[in-house]
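This report refers to the structure that appears directly beneath it.
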Protein chains: 2
Amino acid sequence: MAIVTVPVLSRSERNAMAMQAAGTERPATIHDIAAMCGVAASTVSRALSTPDRVNIRTRARIEAAAAELNYTPNSQAKALSSGRTGAVGVLVPDITNPFYFDLIRGTQLQLKAAGYTQLLVDTEESDEVEASSMEQLRKSADGIIVTASRLSDEALLAAAAKIPIVTINRDVAGVPAVVIDTPSATSQALDHLISLGHTRIAYMAGPLTSQSSTLRWNALAAAAEDRGVEVRRLGPFAPKTQSGAAAADAAVHSGVTACIAFNDLIAIGMLQRLRERGIRVPEDMSVVGCDDIFGADFCNPPLTTMASPIEQAGRVSVSMLLAQLNPLAGGGSRSRSLMPTHLTVRGSTGPAPQSL
Amino acid sequence: MAIVTVPVLSRSERNAMAMQAAGTERPATIHDIAAMCGVAASTVSRALSTPDRVNIRTRARIEAAAAELNYTPNSQAKALSSGRTGAVGVLVPDITNPFYFDLIRGTQLQLKAAGYTQLLVDTEESDEVEASSMEQLRKSADGIIVTASRLSDEALLAAAAKIPIVTINRDVAGVPAVVIDTPSATSQALDHLISLGHTRIAYMAGPLTSQSSTLRWNALAAAAEDRGVEVRRLGPFAPKTQSGAAAADAAVHSGVTACIAFNDLIAIGMLQRLRERGIRVPEDMSVVGCDDIFGADFCNPPLTTMASPIEQAGRVSVSMLLAQLNPLAGGGSRSRSLMPTHLTVRGSTGPAPQSL
DNA sequence: CAATTGATGACAACCGATTGCCAAATGTTG
DNA sequence: CAACATTTGGCAATCGGTTGTCATCAATTG
């Protein structure tokens, strides 16, 4: 058998061949620019990232060459050598929950403005997926924004020691957090219902692992005691419209005349179920949601709900994270940000029915 | 001035120091494993990626060490040396459009199952952002899924020559595509309206750059001619609920008794506006949406719409892309997949009003 | 005019993997 | 037991950048 000796090719020769073969233009590298300008690759790197350390004329030549070759730095290589990835992970429990749409858009806009890439991960409401995603992101992201974390305080603290983290709606001492102040809005909602004459009220709780739900219930229970009305807790219910049916049935069975739901998804599901059962809203039953998500304004009847500045919360979380990443601007980077909320009254709440 | 000589440190020494300083455990590398097992780093690499090329006992030792050190490969480094990033870019025109929620979830699930990471990018309905995102992704992703592309056929073809691409709802010869068959559903919708007695019908068009909107209109116009009814085209309207107001006013002014909207967002916006203006749906005006997005079932009245298998479309697009990336399984990887749709009749359509 | 200083840019190591090549070790066969 | 085929695993180059070190050269200063 004849042995064919394949000549060793230089890098550029191979690239040329590859281009020929694929008919594809290979992205330009700093080496191409260096060759074109007759300088070392490191000089090109400096010219583009530390312009002050390179002669202005050389820099101009390099910039011109870069523009001509349509050069874009390879983010992988950059990340590998510099240790910074230019990416931020955003963890959400459920991508299809409309609450996160605006949040994601907020983070996306702010991250893009700062030149970062967003890595969106759906943790499927699972603490295990959440933990493994964080471990994964630790190497492929510079920081992480975690929404409604299902992890324990200890696990979150441990993770925050390894990589900069900002939480949203999850307050743990030592971890910067953006907290949407729904507890105080919950009191507003309660007063709203009381002013309409309701005295028997239910809280349709969210998942047990949700800190938001717990805090909201605590605030509600305290306010109820203060006002001297009875509020009972029902649930827990999954934060999906499908759970609204069970929530509605539970509410009817408990004999209350008004409900405050953990979130709008449950509330909207309740509206559907109540309608099916012929129970009029708000004549027979008032319903209050939380978050003012997409759909809360056009459901039937339109939902009274606690409006949250969700997109803004996303933006603030990015700012806080970036402040951690680049501590240059010696500003007191706050470690906790409370977002105000307010009650938006629509058609799903009304005067309490006359007692029989 | 005294000159302090700093001794040169080996890599491991520096790492040890860094660990001490930060109190942070540095992620293990194949070098750590190699040192622990007394083999070369390349052997570790082979043991983990090409198990057959390494002695089974050595492999066992390496795997044990890897487990003990909690080793995870650095994806950046992997990407750099292998050329594969293990990531797929998903481009959507507007993250806050509920249509994309299910799509994103579909791609996310399928990608995760295949061990890929999803890079989600919001192109803000802009062809420029879309083009630059694709150029960016070309180096940081193995392939791209583009939904409702705003690019020209030529631009898409050129991009597809550089990196594997699958489009969704955008059919260009030479680029694999998943197409949701809304045109045929549009004919169904027309027949539905005709059977209810409507003869003057409007199509509320989407963006001019949307191929879907054009195809749908073509199908509708052809069917209308075939059935001998009049369908006029109004718009274009942006695919947002806010545009529904203008659409509703235009429909009323044109004197039609039924509308087929480009998508559910416009349709839902129309429902709101018609209600404001005291025009009853469906008694005075019937409205048909498209996509059956979140909210179509609980708006007022519930929306008659063309239901699309959106999440499934996302999954199929991933499968088609992965087939391009790994052409091993010598299956005929189809280059075009048509997703069936059907009309879901709810409360927003009814008999045509008696002519005055 | 000699000496100090600072700006500039080249060299080379390094980030953490993958992979072609080859030598050593092992197993098989005549 | 020798000759050959086959594993096995180490060396080193490579991916595309960043960055520390240092030689060079020009400008400033005594």
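Convention: sequence-line order gives letters A, B, ...; per-chain numbering from 1. Note: hydrogens, waters and symmetry copies are ignored here, and every other heavy atom, side chains too, is used. Model, not experiment: these values are computed from the prediction.
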Exercise for the section: Please step through side chain to side chain donor-acceptor pair (under 3.5 Å) for the pair Q110(B) and S319(B), ending with a clear verdict. Expected result: CA-CA 8 Å; Q110(B) 196 77 352; S319(B) 300; 3.3 Å; yes

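M134(B) is listed as a side-chain neighbour of L151(B), based on a closest heavy-atom distance under 4.5 Å. Side-chain atoms of L69(A) and M36(A), non-hydrogen and from C-beta on, do get closer than 4.5 Å to each other. Put simply, the side chain of Q324(B) reaches to within 4.5 Å of the side chain of V166(B), judged on heavy atoms.
Within the 3.5 Å criterion, the main-chain N or O of V54(B) finds no donor-acceptor partner in the side chain of R46(B).
Contacts of residues 38-67 of chain A with DNA chain C (heavy atom under 4.0 Å): V39(A), A40(A), S42(A), T43(A), R46(A), D52(A), R53(A), V54(A), N55(A), T58(A). At a non-hydrogen distance threshold of 4.0 Å, L80(A), S81(A) from residues 74-89 of chain A come into contact with DNA chain C.
Inter-axis angle, ends of the helix from dC1(C)-dG30(D) to dG30(C)-dC1(D), five pairs per end, rounded to 10 degrees: 40°.
Summarising the geometry, the separation between NZ on K139(A) and P on dG16(C) is reported as 10 Å, rounded to the nearest angstrom.
Ion pair D153(A)/R170(A) flagged as a salt bridge, since at least one NZ, NE, NH1 or NH2 atom sits closer than 4.0 Å to an Asp/Glu carboxylate oxygen.
Atom CG in L103(A) sits 8.0 Å away from atom CD1 in I145(A) (nearest 0.5 Å).
Here the shortest heavy-atom pairing between A28(A) and Y71(A) reads O-CD1, 3.3 Å.
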